[in-house]
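This report concerns only the one structure given below.
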Amino acid sequence: MKVAVIGANGKIGTHVVEQLQHAKTHPVVAMVRKQAQVDGWKDQGVDARLLDLEGPVNDIEKAFEDIDAVIFTAGSGGATGDDKTLMVDLDGAVKTMEAAHAVAADRFILVSALQAHKREHWNEDLLPYYVAKHYADKELMRSELDWTIVRPGGLTDEPGTEKVELAENLGRGTIAREDVARILIRCLDADNTIGKHFDALTGEQDVEAAVKAI
């Protein structure tokens with residue numbers, strides 16, 4: 001499968017691209033929003049394309065030419081306002097789903113947020129973010145794509161442990177972005193994760209075993 005990584009210059013996305021490049025199991029395309037970022041990935045030997053999540057769906061479809069699978073890791077970031085959260089984390093995600101369906105890039109893996117599926121567990125300080133994640137998740141579930149939704153806990157930049165806990169409902173906790181990337185990549189080839197959504201935290205199981213057990 002040729003895999004498009006949306007948000008490839010983000011912290012999770014960078015790990016995903018680098019791990020896929022190293023593993024050489026699937027060709028990877030870094031999808032980014034600035035030409036300088038495209039050039040940076042190409043300098044590292046990675047195929048890269050421009051993608052504007054706030055642009056028309058038709059443009060996203062063109063960027064998805066020859067793509068088989070999508071890993072969506074993009075986010076507006078904490079420095080932007082609620083409007084960008086809606087335009088990127090919600091509408092941008094949904095437009096990407098529409099484009100993926102249009103070009104038959106049927107495998108779609110989405111990064112959400114811990115317990116985004118349960119309103120009573122949302123972080124009061126991040127309500128617009130959780131609303132965006134909640135409804136983006138719902139739209140993916142309603143789609144005809146072969147979807148998986150991964151909801152990581154608090155994200156850290158510590159080196160990954162390769163030990164995780166995955167379940168539909170977990171309490172608060174943290175997980176290294178490097179390990180989130182490992183989970184996303186493992187899900188690509190794990191058909192048992194199609195149509196599944198789950199929380200992800202640092203734990204005691206190897207990533208491969210944890211994904212197989214979902």
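As the structure is a computational prediction, the values presented were derived from the model and not from experiment.
We find the NE2-CE distance between His26 and Met1 to be 4.0 Å, quoted to the nearest 0.5 Å. With rounding to the nearest 0.5 Å, the separation of CD in Gln19 from OG1 in Thr14 is 11.0 Å. The CG atom of Asp199 lies 5.0 Å from the CG atom of Leu170; values are rounded to the nearest 0.5 Å. From Asp191, atom CG reaches atom NZ of Lys196 across 10.5 Å, with rounding to the nearest 0.5 Å. From Thr156, atom OG1 reaches atom CZ of Arg177 across 7.0 Å, with rounding to the nearest 0.5 Å. In this structure, the separation between CG on Asp157 and NZ on Lys11 is 4.0 Å, given to the nearest 0.5 Å.
Between Arg142 and Glu139 there is a salt bridge, since a side-chain N of the basic residue sits under 4.0 Å from a carboxylate O of the acidic one. Between Asp66 and Lys2, at least one side-chain N (NZ, or NE/NH1/NH2) sits under 4.0 Å from a carboxylate O, which counts as a salt bridge.
Contact between Gly153 and Leu114 at its shortest, heavy atoms only, is CA-CB, 3.8 Å. The two residues Ala8 and Ala30 have their closest heavy-atom pair at CB-CB, 3.5 Å. Scanning all heavy atoms of the two residues, the minimum distance from Gly55 to Lys95 falls at O-NZ, 2.8 Å. When all heavy atoms of Lys133 and Ala113 are compared, the pair lying nearest together is CG-CB, 4.3 Å. The two residues Leu50 and Arg33 come nearest to each other via the heavy atoms CD2-C, 3.8 Å. Residues Thr202 and Ala176 approach most closely at OG1-N, 4.2 Å, considering heavy atoms.
Counting heavy-atom neighbours within 6.0 Å of His101 NE2, excluding the residue itself, gives a total of 12 or less. The environment of CZ in Arg186 is sparse: at most 12 heavy-atom neighbours from other residues, nucleotides or ligands sit within 6.0 Å. Around CD of Glu65, the count of heavy atoms belonging to other residues, nucleotides or ligands within 6.0 Å does not exceed 12.
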- prompt: Between Ile6 and Phe64, is a side-chain contact (heavy atoms from CB on, under 4.5 Å) present by the stated rule, with each step listed?
  reply: CA-CA 11 Å; Ile6 313 300; Phe64 281 177; 3.8 Å; yes
Evaluation steps, side-chain contact (heavy atoms from CB on, under 4.5 Å), between Val207 and Ile185: CA-CA 10 Å; Val207 171; Ile185 291 169; over 6 Å; no
task: Go through Leu90 and Thr85 one step at a time and tell me if the side-chain contact (heavy atoms from CB on, under 4.5 Å) criterion holds.
output: CA-CA 7 Å; Leu90 177 51; Thr85 300; over 6 Å; no
- prompt: Step by step, would you call Asn169 with Lys118 a side-chain contact (heavy atoms from CB on, under 4.5 Å)?
  reply: CA-CA 9 Å; Asn169 294 291; Lys118 291 194 171 180; 3.3 Å; yes
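A donor-acceptor contact shorter than 3.5 Å is absent between the side chain of Asp206 and the backbone of Glu208. Judged purely by atom type and a 3.5 angstrom limit, Asp179 uses its side chain to pair as donor or acceptor with the backbone of Thr161. Between the side chain of Arg151 and the backbone N or O of Glu168 there is at least one donor-acceptor pair closer than 3.5 Å. Although no hydrogens or angles enter the test, the distance criterion places a donor-acceptor pair under 3.5 Å between the side chain of Gln21 and the main chain of Gln44.
Between His134 and Trp122, the ring planes are perpendicular. Angles over 60° get that label, and only those under 30° would be called parallel.
Val3 has its side chain out of reach of Val29: every pair of non-hydrogen atoms, C-beta onward, lies at least 4.5 Å apart. Looking at Thr148 and Arg107, their side chains come closer than 4.5 Å, going by heavy atoms from C-beta outward. Side-chain atoms of Glu165 and Gln205, non-hydrogen and from C-beta on, never get closer than 4.5 Å to each other. For the pair Val111 and Leu184, the minimum side-chain heavy-atom distance is below 4.5 Å. Inter-residue side-chain proximity for Leu201 and Val164 is flagged as unmet; no heavy-atom pair is nearer than 4.5 Å. Annotation: side chain of Phe198 is in contact with side chain of Val150 (closest heavy-atom distance under 4.5 Å). For the pair Lys34 and Val38, the minimum side-chain heavy-atom distance is 4.5 Å or more. Inter-residue side-chain proximity for Arg172 and Gln115 is flagged as unmet; no heavy-atom pair is nearer than 4.5 Å.
When each of Lys42, Gln35, Gln37 is checked for a side chain to side chain donor-acceptor pair (under 3.5 Å) with Asp39, only Gln35 meets the rule. Residue Ile183 forms a side chain to side chain contact (heavy atoms under 4.5 Å, CB included) with just one option from Thr193, Ile214, Ile175, and that option is Ile175.
Both Val180 and Leu188 are members of a single hydrophobic cluster when ILVMFWY side chains are connected at heavy-atom separations under 4.5 Å. If you chain together hydrophobic residues whose side chains sit under 4.5 Å apart, Val103 and Ile60 fall into the same group. In terms of hydrophobic clustering, with Ile, Leu, Val, Met, Phe, Trp and Tyr side chains grouped at heavy-atom distances under 4.5 Å, Val88 and Leu110 are assigned to a common cluster. Taken together through direct or relayed side-chain contacts under 4.5 Å among Ile, Leu, Val, Met, Phe, Trp and Tyr, Leu51 and Ile71 form parts of separate hydrophobic clusters. Hydrophobic clustering, with ILVMFWY side chains joined whenever heavy atoms are under 4.5 angstrom apart, groups Met97 together with Ile149.
Between the side chains of Asp47 and Trp41, not a single donor N or O lies within less than 3.5 Å of an accepting N or O.
For residues 139-158, there are no ring pair (Phe, Tyr, Trp, His ring centres under 6.0 Å) pairs, not counting sequence neighbours.
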